[in-house]
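Everything quoted here is computed from the prediction, not taken from an experiment. Per chain, numbering begins at 1; letters A, B, ... match sequence-line order.
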Amino acid sequence: MKKLINDPENVVREELSGIARAHGDLVEVHIDPHYIVRTDAPVQGKVALVSGGGSGHEPMHGGFVGMGMLDAACPGEVFTSPTPDQMEAATKAVDGGAGVVHIVKNYTGDVMNFEMAAELCRSEGTEVESVLVDDDVAVQDSLYTAGRRGVGATVLMEKIAGAAAEQRRPLKEVVDVCRKVNDNARSMGMALTSCTVPAAGKPTFELGEDEMEIGIGIHGEPGRERRKVAPVHDIVEMMATPIVDDLPFKSGDQVLAFVNGMGGTPLIELYIVFHELASLLDGRGIGIGRNLIGPYITSLEMQGCSITLLKLDDELTGLWDAPVKTPGLRWGV
Amino acid sequence: MKKLINDPENVVREELSGIARAHGDLVEVHIDPHYIVRTDAPVQGKVALVSGGGSGHEPMHGGFVGMGMLDAACPGEVFTSPTPDQMEAATKAVDGGAGVVHIVKNYTGDVMNFEMAAELCRSEGTEVESVLVDDDVAVQDSLYTAGRRGVGATVLMEKIAGAAAEQRRPLKEVVDVCRKVNDNARSMGMALTSCTVPAAGKPTFELGEDEMEIGIGIHGEPGRERRKVAPVHDIVEMMATPIVDDLPFKSGDQVLAFVNGMGGTPLIELYIVFHELASLLDGRGIGIGRNLIGPYITSLEMQGCSITLLKLDDELTGLWDAPVKTPGLRWGV
Amino acid sequence: MPPSQLEVVVTVTHDDVVRWIRAFADVIAKNKDSLTDLDSAIGDADHGINMNRGMTAVLAKLDGDGSADIGALLKTVGMTLVSSVGGAGGPLYGTLFLRLGAAAAGKEELTDQDWVAMVTAGVEGVQSRGKAEPNDKTMVDALIPARDALAAAVSAGEPFGDALRASAAAAEEGMKATIPLVARKGRASYLGERSAGHQDPGATSSWLLMRTAAETLGDHED
Amino acid sequence: MPPSQLEVVVTVTHDDVVRWIRAFADVIAKNKDSLTDLDSAIGDADHGINMNRGMTAVLAKLDGDGSADIGALLKTVGMTLVSSVGGAGGPLYGTLFLRLGAAAAGKEELTDQDWVAMVTAGVEGVQSRGKAEPNDKTMVDALIPARDALAAAVSAGEPFGDALRASAAAAEEGMKATIPLVARKGRASYLGERSAGHQDPGATSSWLLMRTAAETLGDHED
Ligand SMILES: Nc1ncnc2c1ncn2[C@@H]1O[C@H](COP(=O)(O)OP(=O)(O)O)[C@@H](O)[C@H]1O
Ligand SMILES: Nc1ncnc2c1ncn2[C@@H]1O[C@H](COP(=O)(O)OP(=O)(O)O)[C@@H](O)[C@H]1O
Ligand SMILES: [Mg+2]
Ligand SMILES: [Mg+2]
Ligand SMILES: [Mg+2]
Ligand SMILES: [Mg+2]
């Protein structure tokens, strides 16, 4: 394992020190329990958004704390959901009296920890609503499984709901916006290489020089299928077709197309992926109203990418375009 | 070689299609010869900035075209300087009557190609000034060599000089700002892994599981020294000490600290690097006035990082903070 | 047949419980890598790391504990796991210990009947938190057989040590039985059919918990 | 001793030059990988790729060329290299051919004297563009010995074929002599002492150029 780290046990703590030092103008980092809040929290009268999850997905979630996006993020250990005490402390720190939304990616660990946190917060009188993100079409959706994973749509939900909250919309409306994003977004990911969890010290899975995994998550989980590597044209087809067919996205739809890098794939490749995706969507009569290209929800140093499509309407487009000022996403201010 | 590409020969062209499609609101991409200009070029009365270099360093340079930064960028083949006809066409496309600055990284190929382009442009009456970037302390500076490479300072120069040009400063002043950035900036890079030039199909160099290269450039050139991997604390010391001692940066100085990812290193590690760098600078009494952390001048999918320090004064700080609106760097608007 | 109620036999002391917890921490530390390896195959390569972080935190808490209340002790263990493990393991093992603690609230000594009641409450907690059914390929597949074997042995009047050993053996069998299963809960469920052929990491740590109980509490004189 | 000036002997025709360029393109294509490998060791792994892209573009241009002017032909080669190769190789080989073209301007046939003058001008162009001195570990280390051997042989009145072969042999020697050198120009200079022990890729492609001249033009009857 080669990484720019000191001790595998201290990766998250040292990363948080770096974030605190770098972005002190935007965020405040609390240690024990770990959470990151915007410097002006709590914003009175504004619905607060709290998210969190394992570390290793940077800039998500800590990099999305700030004006127009999250009020707080709770970083867990690498690929490990944070704990209820972190979420409780973060929730209290950002509660501005208008209620708090927990944005929870649909993983058993995240769901249970956020559930315990919400119970704790509610028992002390804080109004908390939880929203699940489960946009990964690589996973079978069934009542008898853990359901779909939350992946790329999380970034979009945090941005769009953050804008809604910034407009001082009430709790219920912010929650509705979250659900609307989730209902209209679908994602799929693939990996050319595995990642290595620092504390584990070796790659989570082994891939041959000519193999790739299709349908991976963001935690180094193996995907649904191992295949021979292929030209990116074919890879994009393998990813985008199930996405488009699932919602389904239809001719005439306008979408936000999000091409995400897994952490080890450079921008030059992501632009080629985007080029292929645009051709595919052209062929289906689907317009790309907005796009986001880059490493926003990563899986350590994994090489690979994911594609997320979100069906846009005027409301979502307007909220996407609204100003945002966070370490990881910034425009309009 | 595993990459998200189709044909190694078409990497640059397909990437440019992706950029054109993604950022049509900010830039216009010309094919044959390849160059990228801001959509509102030429801006009358404004000094225009043109840069360029081999591809594989994304978002540099194409991602830095836009308001407050470059007027045009010329992408070469992967790791290969672009050609004079590209630079000539780009220069003419952005010339707003106030002169054009060529920002040239100090590589023999870049220097010669830009030289030929400048000769062509001048012979047709365009006022062109060239500025060299040569900030890499890993390379010996000597009259008898090609001199130091241009690396991280390029990004800072493009941003800062872009802001100066946006203020409608005259050609000479914009050139002076460029030189000031170069004179006050120093960089050094390291790699944990090699990168693979698509058309070459195999890693440029081989590194053992316990080895790293210190003092690498941004083209997969081997570094000055191969060493055993070490904790990032030691790595940062190996990189930052020669930087600090070279200018030298002194106690009381304020710097812009730029921790750059090489393309395959995720943000979580860059924050740890930044944390170590901040501690080292603290120990030397050097203040971090501004920072930039992320993959901005990359070397394909190489894992590794570089550190650039720029000594700040009020002028440089003000120009850094000025609004910028490009695909790769955006704030204030 | 109701259990024989000849006299109240103290089976487990506060010190015993502390020894059990310490031994479990030790076993987790020793099996950290193998648990993580199991999780690499069908999960995200952290189960051993997570459990070890949690049990290390628990050990630090034990050092300062002066009270003799077994319920309070187990509650502390549960709370510490909840706030240090994270992931799926944290809430599940945390809830398990919190429920053990609640069932032992105020007690300074435990009978074998108490133990059965506690384990029953703990397993119930895991199920109500995680909603897993038998054969979902989770820790529940080790815990339920363990609880059932324990309850049966105690109600049949078997010596407590034998009951604990029967419980551990049942956990082991349940753990092994997870190998062919296709996961329906937790992260492994994302793999669908590909999850078959691998032993569930959580079932493995649950077996270690039961085996440690047999080893540390099972030699107690009845 | 001045060269014997008995009569003007046409040594190279327009067709010969075309054959030389085509053959060089072919040689570059065949040696693309080995040139790139040399560049991996002390550069950025693209010299063969770059030269091949350039010569492929040149071939495309040749197909449409109807004129008999050797100067114009070589100028086209130079311009095409300048606008398609990039890197250090583009301006250097581009300038080389542009200067060859300038020296042959208007000519439809060349004498051996013309050839010497052209090569001299070409090498001068490379040096004025790149500022490399002998022993800097660049293509100049192949080109200068090649030029010198050519000029000496022609002025000694040797048959043109022999002169070209002498020139190629000298280029080869110069190329090999780059191996122990520490680079002082180009990308390899960044490596400092680590550049020693590797053959310069540009010197290698320059040798190939000279060798191809000997092979395609050297069998011409004097
Ligand atoms: N819903 C559930 N009910 C019971 N146990 C579960 C459930 N989901 C997961 N588990 C157990 O958790 C184990 C994984 O724990 P761990 O690796 O610590 O958490 P994570 O999956 O969040 O990384 C699985 O092996 C399984 O035994
Ligand atoms: N200043 C120079 N003068 C002459 N030749 C040079 C000079 N710099 C580099 N070269 C030659 O260029 C070759 C490298 O060419 P190439 O790989 O195509 O360009 P780049 O170095 O830009 O990648 C070197 O092997 C060397 O022979
Ligand atoms: Mg986990
Ligand atoms: Mg090159
Ligand atoms: Mg796990
Ligand atoms: Mg090269």
>> What part of Val229(B) gets within 4.5 angstrom of chain A, counting heavy atoms only: side chain, backbone, both, or neither?
In response: side chain
> If we only count heavy atoms from C-beta on, is the Ile272(A) to Leu4(B) side-chain gap below 4.5 Å?
Replying inline: no
> Of all of Cys195(A), Pro231(A), Gly62(A), Ala230(A), which one pairs up most often with chain B through heavy atoms under 4.5 Å apart?
Replying inline: Pro231(A)
> Picking from Val12(A), Val236(A), Leu207(A), Ile5(A), which has the most non-hydrogen pairs under 4.5 angstrom with chain B?
Replying inline: Ile5(A)
>> Run the side chain to side chain contact (heavy atoms under 4.5 Å, CB included) test against Ala257(A) and tell me which residues pass, sequence neighbours left out.
In response: Phe274(A), Leu277(A), Ile288(A), Leu309(A)
Distance-only criterion, 3.5 Å: which donor-acceptor pairs connect chain A and chain B?
residue   : atom : partner   : partner atom : Å
Met1(A)   : N    : Glu209(B) : OE2          : 3.1
Lys2(A)   : NZ   : Leu192(B) : O            : 2.6
Lys2(A)   : NZ   : Gly208(B) : O            : 2.9
Lys2(A)   : NZ   : Glu211(B) : O            : 2.8
Leu4(A)   : N    : Glu269(B) : OE1          : 2.8
Ile5(A)   : O    : Val232(B) : N            : 3.0
Asn6(A)   : OD1  : Val232(B) : N            : 3.3
Asn6(A)   : OD1  : His233(B) : N            : 2.9
Asn6(A)   : ND2  : Glu276(B) : OE2          : 2.6
Arg21(A)  : NH1  : Asp282(B) : OD1          : 3.4
Arg21(A)  : NH1  : Asp282(B) : OD2          : 2.9
Arg21(A)  : NH2  : Asp282(B) : OD1          : 2.8
Ala22(A)  : O    : Asn291(B) : ND2          : 2.8
His23(A)  : NE2  : Tyr271(B) : OH           : 2.7
Leu192(A) : O    : Lys2(B)   : NZ           : 2.7
Gly208(A) : O    : Lys2(B)   : NZ           : 2.9
Glu209(A) : OE2  : Met1(B)   : N            : 3.1
Glu211(A) : O    : Lys2(B)   : NZ           : 2.8
Val232(A) : N    : Ile5(B)   : O            : 3.0
Val232(A) : N    : Asn6(B)   : OD1          : 3.3
His233(A) : N    : Asn6(B)   : OD1          : 3.0
Glu269(A) : OE1  : Leu4(B)   : N            : 2.8
Tyr271(A) : OH   : His23(B)  : NE2          : 2.7
Glu276(A) : OE2  : Asn6(B)   : ND2          : 2.6
Asp282(A) : OD1  : Arg21(B)  : NH1          : 3.4
Asp282(A) : OD1  : Arg21(B)  : NH2          : 2.8
Asp282(A) : OD2  : Arg21(B)  : NH1          : 2.9
Asn291(A) : ND2  : Ala22(B)  : O            : 2.8
Gly332(A) : N    : Val333(B) : O            : 2.9
Val333(A) : O    : Gly332(B) : N            : 2.9

>> Given heavy-atom pairs under 4.5 angstrom as the criterion, report whether the side chain, backbone, both or neither of Met262(B) touches chain A.
In response: neither
>> Heavy-atom pairs under 4.5 Å with chain B - which of Leu16(A), Leu292(A), Val78(A), Leu192(A) has more of them than the others?
In response: Leu192(A)
>> Heavy-atom pairs under 4.5 Å with chain A - which of Leu270(B), Ile235(B), Ile293(B), Ile19(B) has more of them than the others?
In response: Ile19(B)
> Is it the backbone or the side chain of Val259(A) that comes under 4.5 Å from a heavy atom of chain B, or both, or neither?
Replying inline: neither
>> Quick check on Ile268(A) against chain B: is it the side chain, the backbone, both or neither that has a heavy atom closer than 4.5 Å?
In response: both
